[in-house]
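Report on the structure given below.
One-based numbering along the sequence shown.
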Amino acid sequence: MGTYITVSALLSVVFAIFFMAGNLSQLKNSQTWISGAIRTAITFGILLLINWYFTPALAWDRSAIYWELLLVLVLCLPHLDEDEDFTINSSAAIGLIVTILGMCTTNIMSGRWVHRERHNSLIEMSNNDYAMIMQDSASISINQDSLFNESISPVSLEKMRVVSPDVAYQLAETVMGQIPAYGSQYEIGEMSLQSITGEFDITDGLGKNYHLSFDNDFIYVAPLEFRSYWKWSEVNGISQAYIIVSATNENMYHLVTAVNGQTLQMQYLQSACFDKELRRYIRYSGFMGKIADNGIQIDGNGRPYNIFAKIENQIGWSGDKVVGSIVIDMQSGEIKEYSLDETPDFIDVVQPEDLTWSLVYKRYDLIHAFIDLSDKDRLRPSDDMQVVYGQKECCYYSGLTSVGKDGSTSGFILVNAKTGIGTFYKMSGIDEKRAESAIQAHEWTAKYPSYEVGKAVMYNIGGLQTYYAPIVSGRKIVGHGFCYLKNVNVVGAGKTKEEAYAAYMRAYHMSMQQVSLPSDGNDIAGEVLTVKKIRQEGSRYNFLFEEYEGKTFYAFSEIVPEVRWIDKIGSKVKVDFRMSEDKEIPIKNITEVNK
């Protein structure tokens with residue numbers, strides 16, 4: 001806190017003295033001295049408030065401090081001459097002009113028009129995206145489907161995120177009613193999506209105890225924020241609960257008031273007052289750089305933390321880039337600072353969504369030159385970035401559309417939400433909006449005019465780049481929809497995920513007229529294999545064979561009807577397939593031996 005107040009006061013004193021010096025010529029008698037002292041004191045007070053609120057974002061390497069200098073110079077402009085008439089202070093006017101010119105010059109020298117390549121490189125890429133964009137799709141040697149499968153592992157239907165943020169918030173409002181008094185004291189804070197692995201005991205608002213166990217599951221978490229200063233005072237600055245809503249099961253949501261027998265006592269929140277307000281608390285603790293709030297996340301033991309991104313300028317006054325994280329224990333106030341590589345595993349998101357979108361926009365907006373009237377190779381990201389999960393990492397997804405085209409993508413980008421490293425995929429297809437429209441127009445959804453399609457999210461389903469969207473009516477999830485990235489006509493919808501998925505796969509295979517096989521690999525016919533495990537997902541049957549460790553073989557009953565009759569572990573089967581390096585191998589034919 002000492003550093004914070006010292007910097008605030010020092011800046012205020014410097015500019016107040018500068019203001020007084022600009023008015024020395026008016027201080028000729030006791031009356032003008034008093035007037036000058038009052039004006040200086042008022043100016044000091046205004047500047048102290050500005051610095052107390054913004055400091056230390058006001059620093060010499062950022063433009064905000066020069067806006068403060070401009071304010072002081074403007075206050076210095078009125079000048080009382082010998083005849084007690086107001087004129088313009090020439091020194092202040094010259095200083096004002098010089099400052100404005102200096103600000104304009106510095107902004108230009110820090111901007112994209114001078115440092116286009118440096119701005120474009122603020123987001124680190126794992127592959128040569130520019131080379132891929134400038135090449136024809138046929139000439140790209142990288143198998144884009146395999147690259148996608150490496151980054152985003154296939155997800156089972158039960159692990160899919162069916163609860164949208166809007167529905168999650170509505171469920172949170174429902175659970176708030178467990179303690180009527182809470183509704184007048186608190187309001188639901190921002191919902192944060194995260195994956196979680198761990199187990200802990202909770203007590204809810206009705207005093208019931210539950211044991212929660214998670215294995216790479218997806219949940220929304222929101223703290224209870226104070227409604228006002230007066231409510232903050234009434235409860236002694238303590239928020240006594242947070243809300244958990246499952247992202248995969250709309251029937252699982254809890255108002256958590258105690259974790260492992262310990263009552264929650266959260267003091268450090270966005271809505272707290274004075275030195276307990278999160279940003280101010282960080283400033284008081286000596287963190288002087290730019291920061292961005294990423295909201296609440298809980299660890300595997302249910303303890304709540306608030307995550308901030310540390311941001312530094314890379315190019316003069318601009319070029320923001322995340323360089324680390326600040327993690328605050330919302331109960332004890334303990335602060336820990338980490339580099340990106342050292343950030344704890346339970347934290348999924350360090351990169352702010354708006355900053356990530358801005359970096360992606362810069363990356364693909366000016367590929368060749370600052371002025372490019374031809375719009376050659378220029379791409380535009382989707383309006384909003386989605387949060388998608390890979391095998392062990394969280395990513396932002398954005399479709400990339402050629403400038404001038406609507407509803408179709410030239411590719412997409414995944415940006416690791418913790419490290420900020422991006423991967424580009426050159427895949428033509430449809431964007432999220434067209435996928436949502438296709439699901440809305442499906443014959444099942446069309447039967448119910450009151451149903452609405454939620455936000456589409458990208459998944460890897462059986463090796464296919466698939467948009468999934470919940471179908472909702474009011475606060476209830478009443479259906480599910482799937483749409484293929486590469487073909488807007490491959491769409492399925494239904495009351496359950498299994499029904500919708502089966503319709504989706506039927507549409508896919510009708511469009512392909514055959515099982516999608518990898519272009520490279522060896523055809524194998526009639527190999528006898530031993531069934532180790534069988535799992536059914538709608539019309540898709542997944543097999544693990546003892547002879548092929550780490551490979552999943554699959555077939556759809558619409559294409560290979562024989563899979564329906566193979567149901568015994570340990571049975572011998574003859575299988576026709578094409579072997580490749582992919583983790584998932586499609587089956588062309590399968591029959592049981594000696595049945």
Side-chain angles (χ1 to χ4, degrees), residues 1-14 47-62 64-65 68 189-190 192 194 221-226 229 232-233 235-240 242 262 264-299 301 303-314 320-352 354-355 418 420:
M1 182 172 178
T3 304
Y4 181 90
I5 295 298
T6 299
V7 173
S8 300
L10 182 60
L11 282 173
S12 303
V13 168
V14 169
L47 297 174
L48 183 60
L49 287 175
I50 292 173
N51 282 303
W52 182 75
Y53 185 79
F54 288 107
T55 301
L58 294 180
W60 300 111
D61 62 341
R62 302 180 191 119
I65 198 169
E68 185 174 357
E190 294 183 12
S192 299
Q194 69 168 96
V221 184
L224 296 191
E225 298 278 359
F226 307 107
Y229 166 77
W232 175 80
S233 300
V235 296
N236 298 317
I238 301 296
S239 176
Q240 298 177 327
Y242 62 74
Q262 299 294 319
L264 286 171
Q265 301 282 316
M266 294 185 293
Q267 305 179 63
Y268 302 90
L269 296 102
Q270 296 177 3
S271 59
C273 299
F274 305 120
D275 61 337
K276 299 299 176 66
E277 191 271 329
L278 274 171
R279 287 179 176 271
R280 195 171 297 133
Y281 178 69
I282 290 178
R283 299 304 191 199
Y284 285 178
S285 300
F287 293 91
M288 306 295 283
K290 287 185 180 181
I291 55 175
D293 190 355
N294 285 316
I296 184 177
Q297 293 192 39
I298 62 174
D299 65 11
N301 298 313
R303 192 169 183 87
Y305 297 85
N306 205 95
I307 316 303
F308 279 81
K310 288 176 54 183
I311 301 173
E312 291 182 0
N313 294 340
Q314 305 296 310
D320 287 352
K321 186 173 182 178
V322 177
V323 296
S325 61
I326 301 172
V327 180
I328 305 171
D329 187 316
M330 300 175 71
Q331 297 188 97
S332 68
E334 180 184 15
I335 298 180
K336 291 186 178 180
E337 184 177 1
Y338 300 96
S339 67
L340 292 177
D341 294 336
E342 296 172 340
T343 300
D345 290 340
F346 78 87
I347 297 174
D348 290 331
V349 178
V350 177
Q351 307 287 328
D354 55 349
L355 176 57
K418 183 178 290 188

Q) Between Gln297 and Val349, is a side chain to side chain contact (heavy atoms under 4.5 Å, CB included) present by the stated rule, with each step listed? A) CA-CA 9 Å; Gln297 293 192 39; Val349 178; 4.0 Å; yes
Ignoring hydrogens, what is the shortest heavy-atom contact between [X] and [Y]? Give both atom names and the distance.
X      : Y      : value
Glu277 : Ala272 : CB-O, 3.3 Å
Tyr305 : Asp299 : CE1-OD2, 3.5 Å
Thr343 : Val350 : CG2-CG2, 3.9 Å
Gln194 : Ile298 : OE1-N, 2.8 Å
Pro304 : Met266 : CG-SD, 3.8 Å
Lys418 : Leu340 : O-CD2, 3.4 Å

Quick one: [atom1] on [X] to [atom2] on [Y], what's the gap to the nearest 0.5 Å?
X      : Y      : atom1 : atom2 : value
Ile326 : Ile291 : CD1   : CD1   : 6.0 Å
Gln267 : Ser332 : CD    : OG    : 9.0 Å
Leu224 : Gln240 : CG    : CD    : 9.5 Å
Gln270 : Glu225 : CD    : CD    : 5.0 Å

Q: Using modelled atom types only, decide if a donor and an acceptor are shared between the side chain of Tyr281 and the backbone of Gly333 within a distance under 3.5 Å.
A: yes
Q: Describe, in one word, how the ring planes of Tyr229 and Phe274 are oriented to each other, choosing from parallel (under 30°), tilted (30 to 60°) and perpendicular (over 60°).
A: perpendicular
**Q.** Aromatic plane relationship, Phe226 with Trp232 - under 30° parallel, 30 to 60° tilted, over 60° perpendicular
**A.** perpendicular
Q: Look at atom CD of Glu337 and say whether more than 12 heavy atoms of other residues, nucleotides or ligands are closer to it than 6.0 Å.
A: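 Counting other residues, nucleotides and ligands, CD of Glu337 exceeds 12 neighbours.
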(Q) Please check if the number of heavy atoms outside Glu190 that lie under 6.0 Å from its CD is greater than 12. (A)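 12 or below, so no.
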Q.
For Asp293, is there an ion pair with Arg279 - N to carboxylate O distance below 4.0 angstrom?
A.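 Salt bridge flag = no for Asp293 with Arg279.
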Q.
Assess the residue pair Phe287 and Phe308 against the criterion (side chain to side chain contact (heavy atoms under 4.5 Å, CB included)); give the C-alpha distance rounded to whole Å, side-chain angles, the decisive distance to 0.1 Å, and a yes or no.
A. CA-CA 11 Å; Phe287 293 91; Phe308 279 81; over 6 Å; no
Q.
If you define the side chain from C-beta out and look only at heavy atoms, does anything of Asp320 sit under 4.5 Å from Asn313?
A.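 They are in contact (side-chain heavy atoms under 4.5 Å apart), so the answer is yes.
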